[in-house]
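Before any comments, here is the structure.
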Protein chains: 2
Amino acid sequence: MEQTLATNTGAPAPRPESDRAARTRARLQAVALDLFVRQGFEETTVEQIAAAAGVSHMTFFRYFPTKESVAVEDPYDPLLAEAVAAQPASLSAFERVRRGTRDAMAAAPPSVDLETAARIGLMSLTPALRARAWENTNETQRVIIDALVTTGSPRADAVVATGACVGAVMTALLDWGAQADPRPSLGECVVDALDRLDPRRLLAAAEEETS
Amino acid sequence: MEQTLATNTGAPAPRPESDRAARTRARLQAVALDLFVRQGFEETTVEQIAAAAGVSHMTFFRYFPTKESVAVEDPYDPLLAEAVAAQPASLSAFERVRRGTRDAMAAAPPSVDLETAARIGLMSLTPALRARAWENTNETQRVIIDALVTTGSPRADAVVATGACVGAVMTALLDWGAQADPRPSLGECVVDALDRLDPRRLLAAAEEETS
DNA sequence: CCATCGGTGTTAGTAGCTAACATCGGCACC
DNA sequence: GGTGCCGATGTTAGCTACTAACACCGATGG
């Protein structure tokens, strides 16, 4: 009952991993991604991953709750909620999500792309991974919505704005992951997607009709 | 090789079910939903569903490819793509998706809600079902994007517009499914969500800032 | 009256995932 | 410098979702 930080989201205080544990985790993830890329996700068994990493399959599940999680683990999510909450409360919920997400992605280093690109490519062609990715997104959305609501946005607006922005980004990313190689960087893809949701731009396009 | 209709999406022509088969399928679905609601999705085994329906577990899998599919089967999806394609090509991609989806939902009968509400409620509290629902959405999005692109919208616009509208609707629905009982109808929820994405409304809200 | 065929059951197997318990190796503390 | 604790891992056994192969049964039609 003596929680020290408010950022705790319900998990029972995962103590920091030892060096050894961190190395085992990294080895498992690297080996798994390599196998997934080379022979496909469904065609790779957990047993194979564990053997290639020199551990037993139980050790794999001690580090990753599911086979999917090793491919969709994403460290960006908390940053997004933070960036959204940092937007001025005077803006609409939609603009706060849109600009917050855009800022966070524009600030992200463009070098992480290599491994991340492989992961997104895998997702775009593996239904089970797409499903998990969306489910991850769900938690991200919950956090963003909370951030919006606790800083004054009406709940209905927060829900719709978050769903729209996150949905647009995810769909754009999956489309990006399925494309052939001459393509923009991941960050550019996200920023471009969010720019296309600029209300000014949307309204300009909408007004080309009569009335 | 002798396909008769163009609406075939790649599946090998599923012949219409016999009466007996349709009854078995309906019985399985009804029994499954009942068990899911009463004792939870994870806590219900396929064996239990099959037994309660008076068949073997193999018969269950002949009708539903996964345990999740019996809870997330959704007949609305094809209608959406149709409604989007029916929007005038002079509109922006975003407005075509937004209005198409809105029209389709506004036209849907408000009576289907009972069983559908149960299904969405289940989704909102079962991670595995949410994941499947999102994955279903993926196919819907693909169809909508195709419809937009083949009728003149730039691909990037189509992808972002579809992701935003579908994401907003899904998020709103899951939020709706998690709410307590005094709540609007499912159709009203969707229409309200899409109205909140009206570019005019977004811009009005955005302009309350300086510049 | 028999052949066919759709719907179903039986059996056996694979893979993801979990629980219980044993083991091994390093680190702290005396 | 022993010694005991504890974290990381292994072993084993088991459950559940899901699949393949094949046998059966009942209706329908020639």
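- Within the 3.5 Å criterion, the main-chain N or O of A/Leu129 finds no donor-acceptor partner in the side chain of A/Thr126.
- Cation-pi geometry between B/Arg183 and B/Trp176 is met: under 6.0 angstrom from the ring centre, within 45 degrees of the axis.
- Applying the 4.0 Å criterion to OP1 and OP2 of C/dG7, one finds that B/Thr59 has every side-chain N and O outside that range.
- Both tests hold for B/Arg25 against B/Phe64: distance to the six-membered ring centre under 6.0 Å, angle to the ring axis within 45°.
- In terms of heavy atoms, B/Val31 sits closest to B/Ile49 at CG1-O, 3.9 Å.
- Of the residues in residues 26-36 of chain A, none lies under 4.0 Å from DNA chain C by heavy-atom distance.
- Salt bridge annotation for B/Asp34-B/Arg38: present, with a cationic side-chain nitrogen under 4.0 angstrom from a carboxylate oxygen.
- Residue B/Arg25 contributes atom CZ, which lies 15 Å from atom C1' of C/dG6 at whole-angstrom precision.
- Summarising the geometry of B/Gly187 relative to B/Met105, their closest heavy-atom pair is CA-CE, 4.3 Å, with the distance given to 0.1 Å.
- Between atom OG1 of residue A/Thr162 and atom CZ of residue A/Arg96 there is a gap of 10.0 Å, rounded to the nearest 0.5 Å.
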Q.
For a quick check, with a 4.0 angstrom heavy-atom cut-off, what is the B/S/- contact string for nucleotides 14-24 of chain C, read 5' to 3'?
A. --SBBB-----

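- Here A/Tyr63 does not reach the OP1 or OP2 of D/dA8: none of its side-chain N or O atoms lies under 4.0 Å away.
- Base pairing in DNA chain D yields stems of at least 3 consecutive Watson-Crick or G-U pairs, both distances under 3.5 Å, namely C:1-30 with D:1-30.
- Nearest heavy-atom pair, A/His57 versus A/Val46, reported as atom, atom and distance to 0.1 Å: CB-CG1, 4.2 Å.
- One can place CZ of A/Arg20 at 11 Å from P of C/dC27, the figure rounded to the nearest angstrom.
- No side-chain N or O of B/Asn136 forms a donor-acceptor pair with one of B/Glu73 less than 3.5 Å apart.
- Listed here is the closest heavy atom pair of A/Arg98 and A/Asp195: NH1-CA, 4.0 Å.
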